[in-house]
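What you see is a predicted model, and the numbers here were worked out from it, not measured in a lab.
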Amino acid sequence: TLDLDAETLAPIDADWARDRLDRSAGATMGAAELYADYRIWMEARGRSNALTVTAFGRWMGDLGLARDKVGGRIVYRGVRLKTVARLIAK
């Protein structure tokens with residue numbers, strides 16, 4: 001599971017991680033796509049205090065997510081965004 005302790009995350013960021021991230025062996029997700037989703041999620045909630053892209057990258061590492069560079073892009077391994085169907089099922 002993701003490391004969602006209070007020392008690592010602000011409450012709003014922890015909510016995004018719980019709502020949107022899904023641990024899945026073998027999954028990879030682009031850092032840019034994750035950050036874009038995070039920004040949209042924050043904006044939809046009227047939050048103007050989103051992490052910068054640099055802080056977001058550090059924070060993802062703090063969550064224990066491994067990252068690699070593939071074809072010039074940063075990707076995180078073992079995580080993906082939850083699908084719409086999985087969000088509706090909640």
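With sequence neighbours left out, Y76 forms a ring-ring contact (aromatic ring centres under 6.0 Å, His included) with no residue at all. When the side-chain contact (heavy atoms from CB on, under 4.5 Å) test is applied to S24, the partners found at least two apart in sequence or on another chain are A27, R80. For A55, the side-chain contact (heavy atoms from CB on, under 4.5 Å) partners are L51, T52, not counting sequence neighbours. Every residue two or more places apart in sequence or in another chain was checked for a side chain to side chain donor-acceptor pair (under 3.5 Å) with R67, and none qualifies. Among residues two or more places apart in sequence or in another chain, the side-chain contact (heavy atoms from CB on, under 4.5 Å) test is passed with E43 by R39.
Linking Ile, Leu, Val, Met, Phe, Trp and Tyr residues whenever their side-chain heavy atoms come within less than 4.5 Å places V53 and L81 in a single cluster. Cluster membership for M29 and F56, using ILVMFWY side-chain heavy atoms within less than 4.5 angstrom, is shared.
The heavy-atom pair separating M60 from L21 by the smallest distance is CE-CD1, 4.4 Å. Closest of all the heavy-atom pairs between R18 and K82 is O-NZ, 2.7 Å. Closest approach of M42 to N49, counting heavy atoms only: CE-OD1, 3.6 Å.
For R45 (side chain) and W41 (main-chain N/O), a donor-acceptor pair under 3.5 Å exists by modelled atom type.
Listed by first and then second residue, the salt bridge (Lys or Arg N to Asp or Glu O under 4.0 Å) pairs involving residues 49-61 amount to none (not counting sequence neighbours).
Taking the six-membered ring for Trp and thresholds of 30 and 60 degrees, Y38 and W16 have ring planes more than 60 degrees apart, a perpendicular arrangement.
In this structure, I40 stands alone, with no Ile, Leu, Val, Met, Phe, Trp or Tyr side-chain heavy atom under 4.5 Å from its own, directly or through other members.
Inter-residue side-chain proximity for R23 and L65 is flagged as met; some heavy-atom pair is nearer than 4.5 Å.
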